[in-house]
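Presented below is the structure to which this report refers.
Every chain is numbered from 1 and lettered A, B, ... according to where its sequence line falls, protein lines coming before strand lines.
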Amino acid sequence: MPGKLKVKIVAGRHLPVMDRASDLTDAFVEVKFGNTTFKTDVYPKSLNPQWNSEWFKFEVDDEELQDEPLQITVLDHDTYSANDAIGKVYIDIDPLLYSEAATVISGWFPIYDTIHGIRGEINVVVKVDLFNDLNRFRQSSCGVKFFCTTSIPKCYRAVVIHGFVEELVVNEDPEYQWIDRIRTPRASNEARQRLISLMSGELQRKIGLKVLEMRGNAVVGYLQCFDLEGESGLVVRAIGTACTLDKLSNTSAFLPACNSPSKEMKEIPFNEDPNPNTYSSGPSTPLKNQTYSFSPSKSYSRQSSSSDTDLSLTPKTAPSPQGPRIFLFPSSPTLSCDSPHLKKSCLLLSGSSIKPLHSSHVSPVVLRKSVSFTEELLLAASGMGSGSAGKEGGPFKTLLRQQTQSALEQREFPFFTLTTFPPGFLVHVGGVVSARSVKLLDRIHNPDEPETRDAWWAEIRQEIKSHAKALGCHAVVGYSESTSICEEVCILSASGTAAVLNPRFLQDGTMEGCLEQRLSWQPGFFSIGSEKGEVDFFPQSQDSSSLLGIEEASPPGCGFCHIPYDELNMPFPAHLTYCYNCRKQKVPDVLFTTIDLPVEAIVVGKGCLIQARLCRLKKKAQAEANATSISNLLPFMEYEVHTQLMNKLKLRGMNALFGLRIQITVGENMLMGLASATGVYLAALPTPGGIQIAGKTPNDGTYEQHISHMQKKINDTIAKNKELYEINPPELPEEIIGSPIPEPRQRSRLLRSQSESSDEVTELDLSHGKKDAFVLEIDDTDAMEDVHSLLTDVPPPSGFYSCNTEIMPGINNWTPEIQMFTAVRVSRLSNINPTNQTLNKNFNDLCENLLKSLYFKLRSMVPCCLCHVNFTVALPEDELVQIAVTAVAITYDKNQALQANKAPTEKSQQRASTDNEEQLQFPLELCSDPLSSQPFSPAKEVLEGASSHTGIPAAQRATSVDYSSFADRCNSWIELIKLKAQTIRRGSIKTTTSLEKASPLAEGYLRHRSVPSGTNSTVSVVKMTPLSFLPGAKITKYLGIINMFFIRETTSLREEGGVSGFLHAFIAEVFAMVRAHVAALGGNAVVSYIMKQCVFMENPNKNQAQCLINVSGDAVVFVRESELEVLPPQPAAAAQPTGAAGDVTT
Amino acid sequence: MSSDLDVFVGNTTLIDEEVYRLWLDGHSVAEAVARRLRGGLLEREATSVAVLQSDTRDHYRTFQMLERLLHAPPRLLQQLLFQIPPERQALLVQRYYAFDEALARELLGKKLSKGTKKELDEVSARTGVGIRSCRRQFDNFKRVFKAVEELRGPLAENIQQLFLLPPSLARDYAAIVFFANSRFETGKRRLQFLSFGDFAACAQSMMAHWSQGALAPEAAEPDGDLPKSFLQDLKELKVLVTDKDLLDQHKSLVCSALRGKISVYNELEANFKVIEPCRSDKWSPGDLRLFLQHYTAAPRNLPGFRHQALWERYMAAISACLLRMFHD
């Protein structure tokens, strides 16, 4: 019994009238956890009952604590008939299970009924007493922190980024069980809600176990989705990145404990990293990897999780340097594993590390069914060019690469769900890799053996991995997976960005401090081998600076653009030039990625949202035939989506896409493709050429005229866009850049046969025909339409910018005013004889109108930027298209924006250089130390306070202070004082003064707590944002993950205002429930909020509708940085809101 | 291609003041869109009619959902469904409970019953206030009336607390409740010239001077009801009018006190108790005030008049009312 859950029901308010006669309600509450139920007394005749119950105590084990939700049901007592349910509240108690998160859940929760929506509120207090019986953690993984955020959370730093974790669980969908025919819709909905909640809990626990096996303590970029497979079941799956995180403000807790053992440890080279995947068995054995049961990231999860647990024979004792040392020794006969592979790999270690790059890899076995199709166009398209690896860095660099590579190849899937990385982590980016597969769903016969689903995903991941290899990359970042289901056909998709990573974050940190901390506080757990990082084989690289020195030889502002693979051995033709920034390395002409723009990237001008939209009709068909026709359509769709993206990018005068997300949705009689990305102009890449259109019939006079007219329009658009997005890169003399490498330049049409049956990378040359122009051949009316549609994209109205990434390049002075929203539209494509062209136009209009509508709605926020614009397309029925958009609008300060724009390049160069300095010394220091946000206390105090808080000696910290700009700092100090005076006048000084007294963390917490606890006080504000940060605020605490699933159904659709009224109310209710949960955890914001699913079904004839919504995010406590943000422009402010503040106060 | 479903939901609920006004005025979505178009929004924001329609529908849905909460404003503050900044909440309530004075004037003193509601069509026609808006305002009056009917203590304060209205608006509602409760006939032709403001001021002075709360704050009777005892007592004052002797004495006392002080002395005698003559004779407000002062004070010197305190209480309100009514 490692835990005691305590629940108190305090009061209710605004309950619905349940007794028509008295206009009152006799309410009582049932509190259920697992199989135990408690009841409160009936509070008679009141709509605002005061139960003030005793503490209901549940004694449960921690596995149950992780899996089960707390279920609170409010009922109306009826003496003569059955009690009527008023509604329910499900509370996920997971945040209470790890010490750094919330300690109590307390507040008003909306009482939710799947038929009636929110019906009043209930005040509940929940606590958990955990008995810290660490040895007993077999099936549970209490203590592993989960984050939806796809970057290292702001108040943590990454000690090690371990890698990919995934898991899926399946079950029968209660909606399709026989019992559903006889139970009420309410009972059915509740069964489903409860089941998904249970499955989510189980999934999270299992992922947690894997993380513990990898010796991590957190999952970052956790993405959980469910697939409603109808008759064949319900799949809940999740992916994430296992990390070892260290809380910045709590480092003191770890540091003293590990100081002494660390010295000892250093002498023994083999005990540094107890991570099995870091030692290389040679790149040629990726498949064998799968056979070891303790390899950390597995696809055949069900098996692996059980066997893993069995393997952990070593007692999980309290952290002791002794334990790891014994078990880590490589040749130790005490190795508790019997795998011959391990030995083999030990032997292979030295050999593999000196093998040349790309030496050998067994092409992965792809389990192909007749209906499985791999799409590799994007790989080909975006990974243009090949690397000049080793050319500049010399053998030393090659060596380093190999080390990293081999280390990563050890992992079955060297994938990272992160999209933003610590500076220096990302060395090179190859391009987008994606894979899709069409599957026929069959009934999951045994839910405990979800092997088919596991195998499907494993197959796709293998493909992704091999694509990355083809691009000379050993890792995939910004990785994500998705599905689209229609009847029994399912398209599985995965995509990511092939990349070369800096090894130091993946294994042992090169910084001693990190290493020591890790070893000192990790539970002993089991250790199976030496698992030495490359560090040991190359003693010189023990020295972090020398290791870094190699990579830092290329400027960080452009390094990631440099092609990662061998120029002489390019996998496909490409167009390469020397980097426009450093002029030493080769870069491609266009770069596509799925990640966020790296902080250090040098960008010219602003970015913009670019979308490619596409419809393809398909015949209605059954089973295999259907799957085959979809498979056949996919390559054409990918190709066209890609062409559109490329054209639109060029039309905007830009040369790189970030945050690319391509969604292919399958419907009864069509496929839809929607790609969203943020276009930018990277200073390191060549200026994109224009678009030239060429007619087929050059002798026709009027035709020529028409063509030239179009050409003029295109040129005008490009010029206009360049002005709009302020793209005016510095002119470079041609000879410095070097002439482009001659390449075959025919733009070939994709041949069907080529793509359909080939496993090889489809070789497409999508580079331009001439040096500076992209030729569009207009050979038929379709092509003409395409050109027209290019020009229909209307730029956002003045004062608006939009992007789908976290950061908008070129804007760095956000104000705290944000507005998160969700918009949903369902439209009928009402053509009698639809063609691809008319459908395309309809779809395009639908998206454009939706965007237009958003701009109009948010006009009061101008100047503002829509960030993280996330479109999701669904085809719920024949001819019906559903688009859901979630984004956040953030107002920025226009005056400063103008100032900053005067010298954009200069500024960004500057930014890159400062980043570089800091990066060298304190790689993750930027990630927030809370005290530096104190705007008004004397500088000295802040410095001391901050350093004592973060555990970094003051002297050391001072080295990062730039004394040359001391005068500027003085000026800003005066500004600060002025601001303070203003603040006092405005009367909002209260919060800032209290900041000086208490630690901001505690203060933020207390201030917040006081609000919701008062029974009659007004509701506290909870901000929601899809971004990982809040502008002008500092996140001081992560309270846990919010992952909620709701079903709403109505049988009186008209009375509830039709479909729009119904869904409007439901979305508002979902927001309200998310806010209530966050507030009850003591938080005041949700970051990385995402609506993962919105399934809407209607039956207007029956006056019925049903909707399912799944949302998630991270509950946090934030503290305002007060008026700090309006100080003189901070170049890095937008990119690293937390880092900038520290500089100002010192 | 038509949009079947089209919603926009913000974490902070968007409130467009212009659309709120149109909704409150009872316009349909189509009418509201037409009005917004006339306002030149299309050109200003370079958008399309479809966008405007979608936006208007969104706002209307939000307002419809909010309306339930607006019926009990404290709930608006406590509810969790819509996140609305406090100043916006205040604006919503204030605008929702604001009323057209012309309409309020029409309904003043009438029973807030279903019958009256049925007559709203005519009222709407007379006042030019849209019928839907009329009904909403009528329902507001009725809701406030019902809520405070049984409550003790100062009427305006009760209303302010229950409906979170600004003080001046709460006072106006208090007046409406007062009139509805005591059914003063304000519809008489002679009173037509008086505005709602006049009556509201009168109601306030009457409540201030006559209600039980005015004498003993912890009184059991609601302020809206005039205490029965007071009305009983007033009968005693009839003596001033019915007793010819007393009336004459009173008159002469007042006249002598005012001699030479009032410019229009000649007509004074005729002017007891009525406003219209004063107006037609072009009294100045100062004159009237003086007259009333003495008129109130005079009975003190009347032999055998025992109700001076009561008289003064009566006259305090009457004077204030007369002064208010006495305007151009």
In terms of heavy-atom pairs under 4.5 Å, which option from [options] contacts chain B the most?
options                                  : result
A:Met820, A:Met1073, A:Lys1023, A:Gln819 : A:Gln819
A:Met1024, A:Lys857, A:Lys852            : A:Lys857
A:Gln882, A:His1064, A:Glu1098           : A:His1064
A:Ser1060, A:Ala1068, A:Ala823           : A:Ser1060
A:Pro797, A:Ala889, A:Ala1072, A:Ala1076 : A:Ala1072

Under 4.5 Å heavy-atom distance to chain B, tell me which part of [X] shows up: side chain, backbone, both or neither.
X         : result
A:Phe1096 : side chain
A:Leu858  : side chain
A:Ala1065 : both
A:Ile883  : neither
A:Glu1069 : both

Choice from B:His59, B:Met65, B:Gln64 maximising heavy atom contacts with chain A below 4.5 Å: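 Between B:His59, B:Met65, B:Gln64, the count favours B:Met65.
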With a 4.0 Å cut-off on N to O distance, would you call [X] and [Y] a salt bridge?
X        : Y        : value
A:Lys841 : A:Asp845 : yes
B:Arg171 : B:Glu157 : no
B:Asp58  : B:Arg61  : yes
B:Glu18  : B:Arg35  : no
B:Asp55  : B:Arg36  : yes

Taking the ring centre of each residue, are [X] and [Y] less than 6.0 Å apart?
X         : Y         : result
B:Phe141  : B:Tyr173  : yes
B:Phe82   : A:Phe1071 : no
A:His1077 : A:Phe109  : yes

B:Asp16 versus chain A, the contacting section by heavy-atom distance below 4.5 Å: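 Only the side chain of B:Asp16 comes within 4.5 Å of chain A.
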